[in-house]
Amino acid sequence: MWPDLIQKAKMGGLDVIQTYLFWDGHEPSVGKYYFEGRYDLVQFVKLIHQAGLYVHLRIGPYVCAEWNFGGLPVWLKFLPGIEFRTDNEPFKEAMQKFTTKIVDLMKSENLFASQGGPIILSQIENEYELMEWEIGGPGKAYMEWVSKMAVGLNTGVPWVMCKQENAPDPIINTCNGFYCENFNPNKDYKPKMFTENWTGWFTAFGGPTSYRPVEDLALSVARFIQNNGSFINYYMYHGGTNFGRTSSGLFVATSYDYDAPIDEYGLIREPKWSHLKYLHKAIKQAEPALVSSHPTISWPGKNLEVHVFQSKIACAAFLANYDSKYSSKITFWNKEYSLPPWSISILPDCKTEVFNTAKVTSPRIHAQMLPITDKSFSWESYVEQVASIDDPKTFTKEGLWDQVDITWDTSDYLWYMIDVSIQKNEAFLNNGKYPILTIMSTGHILHVFINGKLSGTKYGSLDNQRLMFNNSVHLVAGVNKISLLSVSVGLFTGGSHFERHNTGVLGPVTLNGLNEGTRDLTKWKWSYKLGLKGSALNLHTTIGSSSIEWTQGSYVQPNQPLTWYKTTFNAPAGKDPLAFDMSTMGKGEIWVNGQSIGRHWPGYIANGDCSSCNYATYYEKKCYTNCGQPSQRWYHVPRSWLKSTGNLLVIFEEWGGDPSGIHLVKRRL
Ligand code: GAL
């Protein structure tokens, strides 16, 4: 997809492609680097260069980005004595090693502008300021160390730190947000830069879809420029898809569309893309005046503001109406201009209004998801076993352990198992008042099985990841098998000491209403089993999926929890981007030809207020769509991962769903 995305960015009037890079993807295990496929950073930077654009490389390597563990590899958490992002030797050593690796790689390919390449800027760390305030002395020491370390790498191009008020020279501190017009760098000889102008917001499972009206986005850009801004990056201009298990533990959806000017599928979003294109053109027309003069500012009326950039060679004016409700008129150089509410007009020659941020002339186009055929796939299924203590590959530990300490995040799934004996004389066996099982979990989803049968499911949310299971359970006299399947939905993205954040069933776990009263199981000996049997069998791959007997034809049951489904399909003709409509499914993961296209969770319905949205001033909880619908119904499958025929599609369904409703759809403008 890269060449096409880069061309669309160029046609949209961008000069620079800014990108994060992801340490966990590039160093999946200590010292083993990966720079292939969609992690081929050199290729990406070269393609941008070939297109005649520049690069801002945000190395981080902590990046946040709603990415699993904020981009840090999970093995880092297990280095002895480590504390993330502070004055801590093991962290500093690992971070320096990786940062140096990236810089050396870029240098070896002559990719920095100082070597004739396209990289004009690099970023170290990410929004560290807040952490620094929180942790005090060691935070300050780390910030100073990290700055020196980066500068010492001699890239020949400037480094930036975003949201880092005290970034030491020569590092340039930059701004992130919805608006940055009032931001100023910490020295007047540093350029004023806006590294993240949020074009919308990310979607979480359980949440609605955010959109930021382009009128407001354009105003934020124009206002930044008229206030001496020199560089703006849209975050995101294209956000794409969090394939695999890369999205973070904020319940972040697989789609990272972000309401960006180029949508998740690589299609332009209208009118956003075109309106911004006209804005970029207007700003570039004004550039000779902007770079050769300081503005004269006047206030011709309430909520009105005029910036005039006039030099010997050029003149440009920005006329603004900041009233959020009323339009207004401004007379400038004997000519009257009408300004809609909350808008800025750009006059690149001080005489002609070529653009107004709120006068959107490009048509609104709704992309459609068109079914390719209404014939359903022919499915085969395999029911995942509910794990129990007697299975092979289980192991025991005293008490309840953190999930990631056991899985190292190699899987979303961890079984916690225990056998509970019930005496024949338990009163509930006669009076039918079954005991209550109470389980406290730090997240994110919990399925409770009693004697192999699903007894209930609980899940957290973006705002509250902790959960409590508190149900009566059908126990019988003798030994009862309790199996808890704890499911993580990505790991936390950041915050202080996030290396110590917990996931999974940490208790207490109690059984209430027995003759003895309450039985506390928290400190008992628990058995554990990592991951799913189907994953151990590699059912998502061609070889693995042919290693077992699948149930076929009419025996394939819908609405069964913990079930694997597989089918094959041919790639539809044409170039339209493709997706699976998963609306009849619950929660799980999807693989195509062995590649995970991400977690699906259409069973999580978007909760929110989708009432009308006024474009004047935006914040992330303001303008929503999709309330009452699945937070994410469609799952992007890139055409580049498909063969023309015989593509293997494998789905693991955790909750139970009806695969006969799954369809391949194409996205069209
Ligand atoms: C910023 C952060 C980005 C991303 C964004 C929200 O604060 O730097 O990485 O997380 O918030 O989408």
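Every number for a ligand or one of its atoms is a count from 1 in the order of the listing.
Near Val63, the atoms of ligand 1 lying under 4.0 angstrom from a non-hydrogen atom of the residue are 9 (O). In the vicinity of Tyr258, heavy-atom distances shorter than 4.0 Å reach the ligand 1 atoms 6 (C), 12 (O). Near Trp201, meaning under 4.0 Å from any of its heavy atoms, are these atoms of ligand 1: 6 (C).
Of the protein's non-hydrogen atoms, the one nearest atom 7 (O) of ligand 1 is Glu127 OE1, 2.5 Å. From the protein, the heavy atom lying nearest to atom 10 (O) of ligand 1 is Glu66 OE2, 2.6 Å. In terms of protein heavy-atom proximity, atom 2 (C) of ligand 1 is nearest to Glu196 OE1, 3.5 Å.
A donor and an acceptor atom, one from each side chain of Glu654 and Tyr413, are located under 3.5 Å apart. No hydrogens or angles considered: a donor-acceptor pair under 3.5 Å links the side chains of Ser611 and Asp609. Side chains of Ser486 and Gln403: a donor-acceptor N/O pair is present below 3.5 angstrom, by distance only.
Between Phe35 and His26, the angle of the ring planes stays under 30°, which puts this pair in the parallel group of the 30/60° scheme. Classification of the Trp198-Trp201 ring pair by plane angle, with boundaries at 30° and 60°, yields perpendicular.
For ligand 1, none of its N or O atoms has an N or O atom of Phe202 under 3.5 Å away. Checking only distances, Cys64 never comes within under 3.5 Å of ligand 1, N or O to N or O. No N or O atom of Arg58 sits closer than 3.5 Å to an N or O atom of ligand 1. At a 3.5 angstrom cut-off on N or O pairs, Lys163 does not count as close to ligand 1.
Within the 4.0 Å heavy-atom criterion, the part of Asn126 lying near ligand 1 is the side chain and not the backbone. At a 4.0 Å heavy-atom cut-off, ligand 1 touches Tyr256 through the side chain alone.
Taking NE2 from His238 and OG1 from Thr19, the interatomic distance works out to 10.5 Å, rounded to the nearest 0.5 Å.
Applying ring-ring contact (aromatic ring centres under 6.0 Å, His included) to Phe205 and the options Tyr459, Trp601, Tyr604 leaves one that passes, Trp601.
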Open item on the list: What verdict does the salt bridge (Lys or Arg N to Asp or Glu O under 4.0 Å) test give for Arg85 and Glu125, after you've listed the backbone C-alpha separation in whole Å, the side-chain angles of each residue and the deciding distance to 0.1 Å?
Closed with: CA-CA 9 Å; Arg85 303 175 73 210; Glu125 254 296 340; 2.8 Å; yes
